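Below is one structure; the comments refer to it alone.
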Amino acid sequence: MLKSIKTSVLAVILISTAVIAHAQKKVNEGTLTYGITYELTAEQQSMASQLPAETKLKFNGNLLKIEMQQGPAKITIISDGVQKNGLVLVDVPPIQKQYAVKTTKEESEQTMGKPPVLSDFKATGEKLKIGNYNTEKYTYKDDKGAAFELWATNDIQLPEGIIGEEFKALKGTPIKFTRVQNGVKAVLTITSVAEDKVGPITLDVPAAYEVTTMDALRAMGGQ
């Protein structure tokens with residue numbers, strides 16, 4: 001029933017947002033949609049069919065929520081982008097089970113590693129319209145010396161917690177950028193930001209859910 005938990009968590013890791021404030025239109029609540037492409041090594045090709053081509057997340061302030069269906073299980077991931085703690089809810093109707101896993105910043109860093117330190121952001125002056133956003137190309141480096149590029153806009157501003165800390169030195173909102181997590185390289189593009197009411201998002205465990213651990217969930221799925 002739970003064999004795809006690992007894939008779900010990987011997907012969430014990959015779409016961890018990386019956008020920053022200092023933009024013109026503030027959107028504090030809504031739905032964010034990313035398109036995702038991957039640059040996989042030969043060894044990683046076997047996971048290609050399991051990786052999502054698109055991810056949607058709902059956000060309200062610094063809290064975000066991702067909902068997905070993995071086989072019979074409905075999985076909801078809630079995260080505080082500032083405090084770095086979170087909650088994973090797994091609802092498996094066929095066996096009438098509901099599980100909750102609380103996550104901390106320390107546990108996330110043990111699983112995913114610490115966020116990369118990015119620096120040396122330089123605007124190139126090259127402009128491009130991506131979707132509804134006017135963007136400019138930037139180059140930058142990570143703490144291992146690898147070079148990257150991204151396209152950023154000043155058209156929108158999202159909450160700090162939805163963004164991630166890697167791009168604090170960037171004066172704009174990345175619309176198209178690269179993430180490397182657990183050795184998997186993904187290119188993410190914001191395709192839409194819907195300014196809608198998503199309601200309260202909370203890290204409180206619902207009363208009907210049994211609190212467990214991620215290791216226990218993986219064991220249930222035979223991993």
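Only a predicted model underlies this, so the values are computations on that prediction, with no experimental measurement involved.
Between V184 and M47, the shortest heavy-atom contact is CG2-SD, 4.2 Å. Of all non-hydrogen atoms in G125 and E136, the two that sit nearest each other are N-OE2, 3.0 Å. Considering every non-hydrogen atom in both G199 and E29, the closest pair reads N-OE2, 3.0 Å. Between T31 and F59, the shortest heavy-atom distance links the atoms N-CE2, 3.9 Å. Residues G172 and P174 come closest through the heavy atom pair O-CD, 3.5 Å.
Hydrophobic clustering (ILVMFWY, side-chain heavy atoms < 4.5 Å, transitive): V198 and I156 are in distinct clusters. Residues L170 and L128 are members of one and the same hydrophobic cluster, defined by side-chain heavy-atom contacts under 4.5 angstrom among Ile, Leu, Val, Met, Phe, Trp and Tyr.
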N/O donor to acceptor pairs below 3.5 angstrom from side-chain atoms of residues 71-80, sequence neighbours left out:
from	atom 1	to	atom 2	distance (Å)
D80	OD1	V82	N	2.9
D80	OD1	Q83	N	3.0

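Summarising the local packing, NZ of K176 is surrounded by 12 or fewer heavy atoms from other residues, nucleotides or ligands at distances under 6.0 Å. The 12-atom threshold is not exceeded at NZ of K144, counting heavy atoms of other residues, nucleotides or ligands nearer than 6.0 Å. Under a cut-off of 6.0 angstrom, the local environment of NZ in K56 is sparse, with at most 12 non-hydrogen atoms contributed by other residues, nucleotides or ligands. Counting non-hydrogen atoms of other residues, nucleotides and ligands closer than 6.0 Å to CD of Q45 gives a total above 12.
Y140 has its ring centre less than 6.0 Å from the ring centre of F121. Under the 6.0 Å cut-off for aromatic ring centres, F148 and F177 do not qualify, their centroids lying 6.0 Å or more apart.
A salt bridge links E166 with R179; the closest basic N to acidic carboxylate O contact falls under 4.0 Å. Between K25 and E195, at least one side-chain nitrogen of the basic residue sits less than 4.0 Å from a carboxylate oxygen of the acidic one, meeting the salt-bridge criterion.
Residues T191 and Y34 are not in side-chain contact: their nearest non-hydrogen atoms beyond the backbone lie 4.5 Å or more apart.
Under the 3.5 Å distance criterion, with hydrogens and angles disregarded, a donor-acceptor pair is assigned to the side chains of T202 and D204.
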